[in-house]
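What follows is a short report on a single structure.
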2 protein chains.
Amino acid sequence: MARPRKPLLSTGRIVEAARALVDAEGLAALSTRRLAAELGVSGPSLYNHFGTKDELLDALADSVSARVDLSMFEDGRPWRTALDDWARSYRAALARHPHLAPVLARGPGRRPAALRLADAVFGALTEAGWPPAQATSIGAALRWYVVGSALGSFAGGFVPDENAYDPADYPHLGQAHLLAERGGTVDERAFTTGLRALLDGFERQYAELPPRTA
Amino acid sequence: MARPRKPLLSTGRIVEAARALVDAEGLAALSTRRLAAELGVSGPSLYNHFGTKDELLDALADSVSARVDLSMFEDGRPWRTALDDWARSYRAALARHPHLAPVLARGPGRRPAALRLADAVFGALTEAGWPPAQATSIGAALRWYVVGSALGSFAGGFVPDENAYDPADYPHLGQAHLLAERGGTVDERAFTTGLRALLDGFERQYAELPPRTA
DNA sequence: ACCTGAACACCGTTCAAGT
DNA sequence: ACCTGAACACCGTTCAAGT
């Protein structure tokens with residue numbers, strides 16, 4: 001066939017297909033050859049649009065970051081409320097593509113949508129009066145918490161086998177096998193509880209800030 | 001050669017070599033063939049000791065969990081102090097083997113050392129009077145925070161290139177390229193700040209608990 | 001510029017064969 | 001029981017060749 005008069009591929013179409021594949025079958029199913037087959041082309045064709053598979057993964061991750069709502073930073077909402085909303089929408093976006101969490105965890109690097117996230121959070125905090133160093137810490141802590149929660153379901157980390165956890169070895173894990181069943185609910189409640197604790201804690205630190213001289 | 005009179009391999013020796021390889025060259029360098037070569041045997045030999053590569057990874061992850069100090073739960077230390085110490089020693093253990101964080105993030109499953117961690121944390125919280133559901137939430141939140149922090153350096157997620165972040169696109173990221181340089185310090189400070197916030201928040205929730213009837 | 005098939009240097013895993 | 005080499009079905013990536 002060689003070169004068609006109209007390109008068969010585009011970065012957008014590739015990313016779209018990759019996302020569908022990863023969502024359906026996990027990150028391990030994403031091979032360049034498999035993805036190419038899904039797109040009806042041969043393996044090496046992808047290299048006309050991405051330098052490496054890793055660049056493709058970056059673009060894929062950024063397409064998820066791009067879906068995180070940032071509107072809560074637009075009006076003059078209090079920083080705590082804005083961060084609360086942002087953490088939830090960030091988590092929701094990751095929950096829609098759980099297999100991509102490990103890629104998102106890499107950090108923003110040069111990915112535009114991920115950088116817009118970082119910029120919005122940092123900007124909101126400094127404008128609320130947080131010193132830059134503390135704004136950085138808060139952004140990092142929230143990011144770690146959200147990404148950590150998206151990456152490993154806590155409840156799903158246990159096995160639903162009633163006999164998996166011998167009371168002689170683990171005296172306090174008698175009910176742990178139940179976690180796997182009601183996984184989603186347990187994780188949701190834990191996320192909310194932890195987020196509230198984090199924000200309560202930051203609010204306390206905010207109250208101890210020296211008065212603004214601006 | 002076929003079977004030697006004394007076994008050449010043992011699960012311990014394999015895990016040890018795997019850890020050295022991953023620490024030195026990252027998770028991607030750990031292939032069964034490469035690891036076997038490192039051990040002076042042929043690739044398939046490993047399958048006499050592990051069913052799959054994934055089982056090997058589980059054992060590898062658990063060897064890290066086994067190194068997390070749990071002594072802070074032994075004496076009757078207040079729950080907050082114990083959790084604070086635990087989170088730091090957990091993070092320190094992961095920081096010593098950063099490439100293994102993605103594997104640790106999978107959750108305890110059937111890994112004995114990881115289960116001992118979960119058991120100790122949950123036990124300490126319930127014995128301090130936390131209701132089981134909230135103890136679960138706190139354990140999950142702390143785990144997410146620690147694993148998240150070990151998995152993705154926040155500072156290292158940015159690029160040390162002075163021109164990487166155009167002020168026109170990201171008005172608040174003017175100093176972000178500096179993060180990559182002083183990465184370790186930035187991450188450490190953020191970890192401490194976030195951990196304090198989390199524990200402050202949980203302490204506040206603890207104070208609001210209905211009085212114990214035990 | 002954008003696609004192809006062939007090729008290189010890898011993978012994880014199975015299995016019959018050896019002792 | 002524990003190792004071997006050969007084999008199967010894969011990988012990511014390069015590259016000359018086609019239009």
Side-chain angles (χ1 to χ4, degrees), chain A residues 1-63 99-100 102-103 106 109 111, chain B residues 1-63 99-100 102-103 106 109 111:
Chain A
M1 173 184 305
R3 173 175 181 237
R5 49 185 65 165
K6 249 254 157 176
L8 296 173
L9 298 176
S10 66
T11 63
R13 225 166 76 74
I14 295 171
V15 167
E16 185 87 5
R19 196 171 49 214
L21 182 54
V22 170
D23 283 347
E25 304 185 34
L27 209 47
L30 183 70
S31 73
T32 56
R33 298 165 117 109
R34 171 77 192 279
L35 176 59
E38 218 78 39
L39 286 159
V41 298
S42 86
S45 307
L46 301 174
Y47 288 85
N48 288 294
H49 303 269
F50 290 98
T52 62
K53 186 186 174 185
D54 226 58
E55 285 180 22
L56 200 173
L57 282 173
D58 266 0
L60 188 50
D62 218 41
S63 78
H99 300 302
L100 285 174
V103 188
R106 286 182 196 169
R111 294 182 287 131
Chain B
M1 173 184 305
R3 177 178 178 233
R5 50 184 63 164
K6 250 253 157 178
L8 297 172
L9 297 176
S10 66
T11 62
R13 226 166 75 74
I14 295 170
V15 168
E16 185 85 8
R19 197 172 47 215
L21 182 54
V22 170
D23 283 347
E25 304 186 33
L27 209 46
L30 182 69
S31 73
T32 55
R33 298 166 117 110
R34 172 77 193 277
L35 176 59
E38 217 80 38
L39 286 159
V41 298
S42 85
S45 307
L46 300 174
Y47 288 86
N48 288 294
H49 302 271
F50 291 98
T52 63
K53 186 186 174 183
D54 226 59
E55 285 180 23
L56 200 172
L57 281 174
D58 266 359
L60 188 50
D62 219 40
S63 78
H99 300 302
L100 285 174
V103 188
R106 285 182 197 169
R111 294 182 286 133

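As the structure is a prediction and not an experimental result, all values here were calculated from the model. Throughout, a chain's letter reflects where its sequence line sits, starting with A, and its residues are numbered from 1.
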Notebook entry, point to check: If every non-hydrogen atom of A:Asp58 is compared with every non-hydrogen atom of A:Arg111, which pair is closest and at what distance?
Noted result: O-CD, 3.2 Å
Item checked: Heavy-atom closest contact (A:Phe50 atom, A:Val15 atom, distance) ->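 Closest approach of A:Phe50 to A:Val15, heavy atoms only: CZ-CG2, 4.0 Å.
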Check: When you compare D:dA9 with C:dA9, how far apart are their P atoms, in angstrom units rounded to a whole number?
Finding: 22 Å
Item checked: Distance between C1' atoms of D:dC10 and C:dC8 (Å, rounded) -> 15 Å
Next item on the list: For DNA chain C, list all stems, counting runs of three or more consecutive pairs where every pair is Watson-Crick or G-U wobble with both distances under 3.5 Å.
Entry: C:4-8 with D:12-16, C:12-16 with D:4-8
How many Å lie between [atom1] on [X] and [atom2] on [N], as a whole number?
X	N	atom1	atom2	answer
B:Leu35	C:dG12	CG	C1'	13 Å
B:Lys6	D:dA1	NZ	C1'	14 Å
A:Leu46	C:dC2	CG	P	14 Å

Next item on the list: Considering just the side-chain nitrogens and oxygens of B:Ser45, establish if one lies under 4.0 Å of OP1 or OP2 belonging to D:dC2.
Entry: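 Checking B:Ser45 against D:dC2: no side-chain N or O falls below 4.0 Å of OP1 or OP2.
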Check: Taking OP1 and OP2 of D:dT4, is either one under 4.0 Å from a side-chain nitrogen or oxygen of B:Ser42?
Finding: yes
Straight-line distance of [X] [atom1] to [Y] [atom2], nearest 0.5 Å:
X	Y	atom1	atom2	result
B:Leu8	B:Ile14	CG	CD1	10.5 Å
B:Asp23	B:Leu100	CG	CG	6.5 Å
A:Asn48	A:Leu9	CG	CG	8.0 Å
B:Leu56	B:Leu30	CG	CG	6.5 Å
A:Leu21	A:Ser31	CG	OG	7.5 Å
B:Leu39	B:His49	CG	NE2	9.5 Å

Next item on the list: Looking at every strand, decide which applies to B:Leu39 at a 4.0 Å heavy-atom threshold: base, sugar-phosphate, or nothing.
Entry: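 The answer is nothing, as B:Leu39 stays clear of every strand by at least 4.0 Å.
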For nucleotides 6-10 of chain D, print each protein N/O atom paired with a nucleotide N/O atom at under 3.5 Å, atom names and distance only.
none

Notebook entry, point to check: Taking side chain as C-beta onward, heavy atoms only, is A:Lys53 less than 4.5 Å from A:Leu35?
Noted result: no
Note to self: Is any side-chain heavy atom of A:Val22 closer than 4.5 Å to one of A:Leu60?
What the structure shows: yes
Next item on the list: Kindly state which residues belonging to residues 47-59 of chain B come within less than 4.0 angstrom of DNA chain D, counting heavy atoms of the residue only, listed by number.
Entry: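 Only B:Asn48, B:His49 qualify.
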Margin query: With a 4.0 Å cut-off on N to O distance, would you call B:Arg13 and B:Glu16 a salt bridge?
Written below: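 A salt bridge is absent here (no side-chain N lies under 4.0 Å from a carboxylate O).
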